[in-house]
Amino acid sequence: MKIRLTVNGLAYERDCAEHKTLLRFLREDLGLIGTKEGCGMGECGACTVILNGRAVNSCMVLAVEADGAAIATIEGEASGPSLSDIQKAFQRNHAVQCGFCTAGMVMSVKELLSTTPGPSVDQVKDAIEGNFCRCTGYTQIIEAVMELTGHPETKGELEHV
Amino acid sequence: MVYEFRYLAPKTAAELAATLDDVKSDGKLLAGGTDLIPNIRNGMLKPRVVVDIKKYEGAGRLAFGSDGLTMGPAVTINDLLRSKDARERYPVLCSCAHELASHQIRNRATVAGNVVNASPCSDMAPALLCLGARAVLRSATGERVVPFSQFFAGVKKTVLAQGEFLSMIVVPAESAGTSGNYLKLKRIAGHDLGIVGVLMTRQDGRIRFGVSSAAPTPVLVDTVSEKDDPDEAARKVLAAVLPISDVRGTKEYREHMIGVYARRLFTEVK
Ligand code: FES
Ligand code: FES
């Protein structure tokens, strides 16, 4: 089926197999391999992208369902060599270790900040509840968001493990 | 996915009904996809045709009118949670919705899909049962209305006939303002399927319990009265359910926790 969609502001028109997930379409058909496949079953959040303003697991969306949609992926964050604000905050706060969860994590945070510019620690936890990170213990990720949004004082609420 | 199927996206409700009539048992309806797509991927389901229910005019409508709250089949869990009117008028619906899976899944998963799947651990079913909600079922030959108390037929089974789809959920206006709380026991603090879920609602002295993950279908308990004490209330709830042992918990553990939750809710929900 022919689909048209925009990804990170660029318009694409492609013939796409009807059974292909959006995740596979992004990675295989568009070559955007920043978005990762962890479980492929909606458990881990590594494949999170923003679909019409909402963070979704792209492994559970068919590409054909996204016909006409606007999508944002991790590739849309940095411009040239300069990282986005969220990415810089992750970097400053050591919120990245192996990096496998990061693309999805950043997308979940991006959706949160688009609707809630000054989130509480609990709101951040809620937003990234579907993103598994096996390295950082989450604390640095939450700290990155709190520092970015100007609530670094909430650091005390967080425990380093 | 390696498994191949065809994808159809009817543009009107009538076209959808005709399509379902046409594809018969070869077809599977796709709403949020958060169950269907993993199930196709892991080989549990092999539909020849996947029919998208979200793309017809009005499928995503969430509205408040004289008959209450109506939701089309494409209304997501987060659409409901983001509606200020829903949070104010039907807080019980929202406390169950918030317990469902993770944020990303709530952005895709639909209220209708959560009940049509008829999983014993549906989080929305307890709320819809306690609030006296109804399902409007549509097919090529017409429409019928079924209260949710008669909607579930067994594990993963509903009264939906072949060719029928859930075109609207109606939560009656009379149940607006019902107070309540939903306690869900999970293995982890984050998103997970429930081991048990207990909802208690109270409106004008009328008490109801909705229990998930405790029987082949979600259960409505209508027998508890204000005059009962917490132990009596818990006994009545337990008499109505029939938990099983499975990977997530044993029968005994489930019974124990349903009792704990029922007693706690009975004293807490005002
Ligand atoms: S790859 Fe999509 S949730 Fe894990
Ligand atoms: S940094 Fe390794 S999984 Fe999160």
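Residue numbers start from 1 in every chain, and the chains themselves are labelled A, B, ... in the order their sequence lines are given, proteins ahead of strands.
At a cut-off of 3.5 Å, with distance as the only test, a side-chain donor of B:His98 or A:Asp126 sits close to an acceptor on the other residue.
At a 4.5 Å heavy-atom cutoff, the contact between A:Ser108 and chain B is made by side-chain atoms alone. B:Leu36 does not touch chain A: none of its heavy atoms, backbone or side chain, sits under 4.5 Å away. Interface remark: A:Glu111 contributes side-chain atoms only to the contact with chain B (heavy atom separation under 4.5 Å). Of the two parts of B:Arg108, only the side chain, counted from C-beta on, holds a non-hydrogen atom closer than 4.5 Å to a non-hydrogen atom of chain A. Residue A:Leu51 touches chain B through its side chain alone, counting heavy-atom pairs closer than 4.5 Å. Contacts of A:Ala127 with chain B are made by backbone atoms alone, with heavy-atom separations under 4.5 Å and no side-chain atom involved.
For the atom pair CE of A:Met60 and CG of B:Asn39, the computed distance is 11.0 Å after rounding to the nearest 0.5 Å.
Within the 4.5 Å cutoff, no side-chain heavy atoms of A:Asp67 are placed close to those of B:Tyr7. By the 4.5 Å heavy-atom criterion applied to side chains, A:Met41 and B:Asn42 are counted as neighbours.
Comparing B:Arg6, B:Lys55, B:Arg82 by heavy-atom pairs within less than 4.5 Å of chain A, the highest count is held by B:Arg82.
Salt bridge A:Glu65/B:Lys54: present, at least one basic N to carboxylate O contact under 4.0 Å. Salt-bridge check for B:Arg41 with A:Glu37: passed, with a basic side-chain N closer than 4.0 Å to an acidic carboxylate O.
A 6.0 Å sphere centred on CD1 of A:Ile33 holds no more than 12 heavy atoms belonging to other residues, nucleotides or ligands.
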